[in-house]
**Student:** 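For reference, the structure I am asking about is given below.
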Amino acid sequence: MQWETVIGLEVHVQLATQSKIFSGASTAYGAEPNTQACAVDLGMPGVLPVVNENAVAMAVRFGLAIGAEIPEVSIFERKNYFYPDLPKGYQTSQMAQPIVGPGTIDITLDDGTVNAVRIHHAHLEEDAGKSMHESFHGMTGIDLNRAGTPLLEIVSEPDMRSAREASAYVRALHAIVTYMGISDGNMAEGSMRCDVNVSVRPKGQEAFGTRAEIKNVNSFRFIEQAIECEVERQIDLIEDGGKVVQETRLFDPDLNETRSMRTKEEANDYRYFPCPDLLPMMLDDAYIEHQRSLLPELPSEKRQRFETALGLSAYDASVLASSRAMADYFEQAMQSCGDAKLAANWVQGDLSARLNKAGLDISESPVSATQLGELLARIKDDTINGKAAKQVFADLWDCKGETADQIIEARGLKQVTDTAAIEAIVDQVITDNPVQVTQYREAEPDKRGKMIGFFVGQAMKASRGTANPQQVNALIKSKLDALL
Amino acid sequence: MAIEHADVLRAAHLARLGIDNTDAERYVGDLSRILDMVDALSGIDTDGVKPLAHPLDATQPLRADEAIEPNRRDTYQESAPAVADGYYLVPRVVE
């Protein structure tokens, strides 16, 4: 039987605020345990939460970025459950009236097609603390520094049909929140955590199959792996006459399998009710419009501009706009050299290749965007040829010079465009290679084009790579043809 | 509105309340009467009445995003039953 996979995601994005969502405690990562957990975060009697305006602003801007409606009123509710890292006995969250209504996020698939994934809603909530089960001799240690950290939970519709689509969605979401600066998007530190809902159904069937939720899948690669092995598990199970049960599962990347964590509690087990400690939040048009005015250029808009205003191909535009760091680097390099296509080729070519090899992110590049731009400017104004440029780039990478101009000067890479100088080199090459000249003269006319390569190579070598290759090429052709 | 023995036990479990069977029987009666009283609301015409999220007719004030809380870990941990290395200790929980 042909099976179809159906995937929906719940992504928790940690908002990049200074303080907690309901208290003035710091949200900085990596502090000593419980040094950033104040009376409100600890759920002490008599404390009252007060909402952080910045968390609200970030949520609203996210909503505007995905074309969602921002309701005038939103409400915080209590989600009740018991766990030691949740001191109040409930998580303050939103359910019936979340801050962000339905919207859409465009994802770009491998073949370049763009799909819209519908967003059901996004809501604000607080994070819980962390439990340490290992080092306390039969006890569990609780660190509440993370308790109360603002999260935006973004809930998609079940619109994805493959592991690739799901990871493309998370990438798109990651690009949006990091472009906007509302989250650092650091998956390793838990700033973006994904719960993946997966089900399968016979191809052509409209009704959804029973889904399993895979918790806390925290890298782009693991998202695909987790989905692939969960899909396989469900299909095997059904084909063997079994039934998928609705449950929460954990992905184990070492064993490449998902395993059951607990059967999924029904939503009403959480006994949601409006939080009496928090009043309804009212957001008027003026506030929302003000937030709209603070929106930066988003990935899709940038992609569009790269294509239309800069004349880049759809592929180049989508690669360069894929992350804010990449886009900023490219634009800076382009500004320094004044040539979008040249900058695009180098950023995606030589630079990306070196970065990949070194395992570095573009934000960690040893060659700055300005340095690269200045190098490219020297290609553009014919000071150096492409071959010399690669040499200069390698030197910049190895910090053998501050600027491209310094390296060009120090290594004598300046391109020779003086016709007389090039002519002398070319004449010498022709004199030195009589055998090849005879072969050229005796060759079929349509073979000669290829044979020129040999002479050009010799001339470039003789000039130590500094001759202008176009000039060399033209000159050799005319000189050889004159001998026919 | 009828509430049954099983409903009471389930609610008690969700709230982590330890109640015995005799108590549960009594709560079936008490809770049913409370629910009946609330049920009187369904007799009222609420068309055009907006759902009320909070009895106060006010909206949530927002605070500036500033980390202003000092570290008072030592004070807070004085009242904790067990602490170690800055952590609050609780009976072991394993998923």
Side-chain angles (χ1 to χ4, degrees), chain A residues 17-20 23-28 31-42 44 50-57 73 75-76 80-84 87 89 96-97 129 131-133 135-136 138-144 250 261-262 269-271 274-276 278-282, chain B residues 1 3-4 6-19 27 31 34-35 38 41 49-95:
Chain A
T17 55
Q18 297 298 307
S19 63
K20 306 258 173 102
S23 83
S26 168
T27 53
E32 284 287 298
N34 293 307
T35 54
Q36 292 175 175
C38 72
V40 172
D41 309 325
L42 296 176
M44 291 290 191
V50 188
V51 182
N52 183 337
E53 190 273 332
N54 201 17
V56 173
V73 183
I75 291 167
F76 284 104
N80 298 277
Y81 67 92
F82 294 100
Y83 205 76
Q97 287 177 258
S131 303
M132 311 287 294
H133 301 293
S135 9
F136 300 100
M139 302 284 276
T140 291
I142 307 289
D143 175 10
L144 295 168
L250 209 62
M261 234 170 99
R262 55 172 186 254
D269 274 5
Y270 290 124
R271 294 155 297 142
C275 180
L278 290 159
L279 293 155
M281 257 194 321
M282 303 279 286
Chain B
M1 185 174 156
I3 183 168
E4 291 176 11
D7 299 325
V8 172
L9 293 182
R10 181 175 148 77
H13 169 70
L14 287 173
R16 301 295 186 272
L17 294 174
I19 58 171
Y27 292 139
L31 288 170
I34 292 171
L35 289 176
V38 175
L41 284 174
V49 178
K50 278 191 188 162
L52 185 71
H54 200 280
L56 290 183
D57 187 19
T59 59
Q60 177 62 40
L62 303 175
R63 49 162 251 279
D65 179 24
E66 291 161 355
I68 49 168
E69 284 288 339
N71 169 19
R72 294 206 183 100
R73 182 174 75 180
D74 292 344
T75 314
Y76 296 138
Q77 295 203 331
E78 271 171 30
S79 56
V83 295
D85 304 337
Y87 289 86
Y88 294 93
L89 295 189
V90 299
R92 182 153 197 173
V93 270
V94 176
E95 299 223 354

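So you know, we letter chains A, B, ... as the sequences are listed, proteins then strands, and number each from 1.
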**Student:** Chain A heavy atoms under 4.5 Å from Asp74(B): which part of the residue, side chain, backbone, both or neither?
**Tutor:**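 For Asp74(B), there is no contact with chain A at all, as no heavy atom is under 4.5 Å.
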
**Student:** Taking only residues two or more places apart in sequence, or in another chain, which ones meet Tyr87(B) in a ring-ring contact (aromatic ring centres under 6.0 Å, His included)?
**Tutor:**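 Here the qualifying residues are Phe136(A).
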
**Student:** Using a 4.5 angstrom heavy-atom cutoff, name the option from Ser26(A), Cys38(A), Pro274(A) with the most pairs to chain B.
**Tutor:**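 Maximum pair count with chain B is reached by Cys38(A).
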
**Student:** Quick one: do Val73(A) and Gln97(A) satisfy side-chain contact (heavy atoms from CB on, under 4.5 Å)? Show the steps, please.
**Tutor:** CA-CA 7 Å; Val73(A) 183; Gln97(A) 287 177 258; 4.2 Å; yes

**Student:** Report which part of Val56(A) has an atom under 4.5 Å of a heavy atom belonging to chain B: side chain, backbone, both, or neither.
**Tutor:**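 Only the side chain of Val56(A) comes within 4.5 Å of chain B.
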
**Student:** Does Val8(B) offer a backbone N or O that forms a donor-acceptor pair with the side chain of Arg10(B) under 3.5 Å?
**Tutor:**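 Checked: no pair found.
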
**Student:** CG/Leu89(B) to CE/Met139(A) distance, rounded to the nearest 0.5 angstrom?
**Tutor:**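 Rounded to the nearest 0.5 Å, the CG-CE separation comes to 5.0 Å.
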
**Student:** Between Leu42(A) and chain B, with a heavy-atom cut-off of 4.5 Å, which part of the residue counts as in contact: side chain, backbone, both or neither?
**Tutor:**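 Interface part for Leu42(A): side chain.
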
**Student:** Identify which of Ser79(B), Pro51(B), Ala53(B) forms the greatest number of heavy-atom pairs closer than 4.5 Å to chain A.
**Tutor:**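 The answer is Ala53(B).
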
**Student:** Does any heavy atom of chain B fall under 4.5 Å from the side chain of Thr27(A), the backbone, both, or neither of them?
**Tutor:**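 Nothing of Thr27(A), per the 4.5 Å heavy-atom cut-off to chain B.
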
**Student:** For Pro280(A), is it the side chain, the backbone, both, or neither that has a heavy atom closer than 4.5 Å to a heavy atom of chain B?
**Tutor:**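 Contact with chain B is through both the backbone and side chain of Pro280(A).
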
**Student:** Can you tell which part of Ala31(A) gets under 4.5 Å to a heavy atom of chain B, answering side chain, backbone, both or neither?
**Tutor:**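 Neither part.
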
**Student:** Can you list every side-chain hydrogen bond (donor to acceptor under 3.5 Å, both in side chains) pair that touches residues 51-73 of chain B, not counting sequence neighbours?
**Tutor:**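 For residues 51-73 of chain B: Ser19(A)-Arg63(B), Ser19(A)-Asp65(B), Asn52(A)-Asp65(B), Asn54(A)-Asp65(B).
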
**Student:** What pair of heavy atoms forms the shortest contact from Ser131(A) to Thr140(A), and how long is it?
**Tutor:**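 The answer is CB-CG2, 3.9 Å.
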
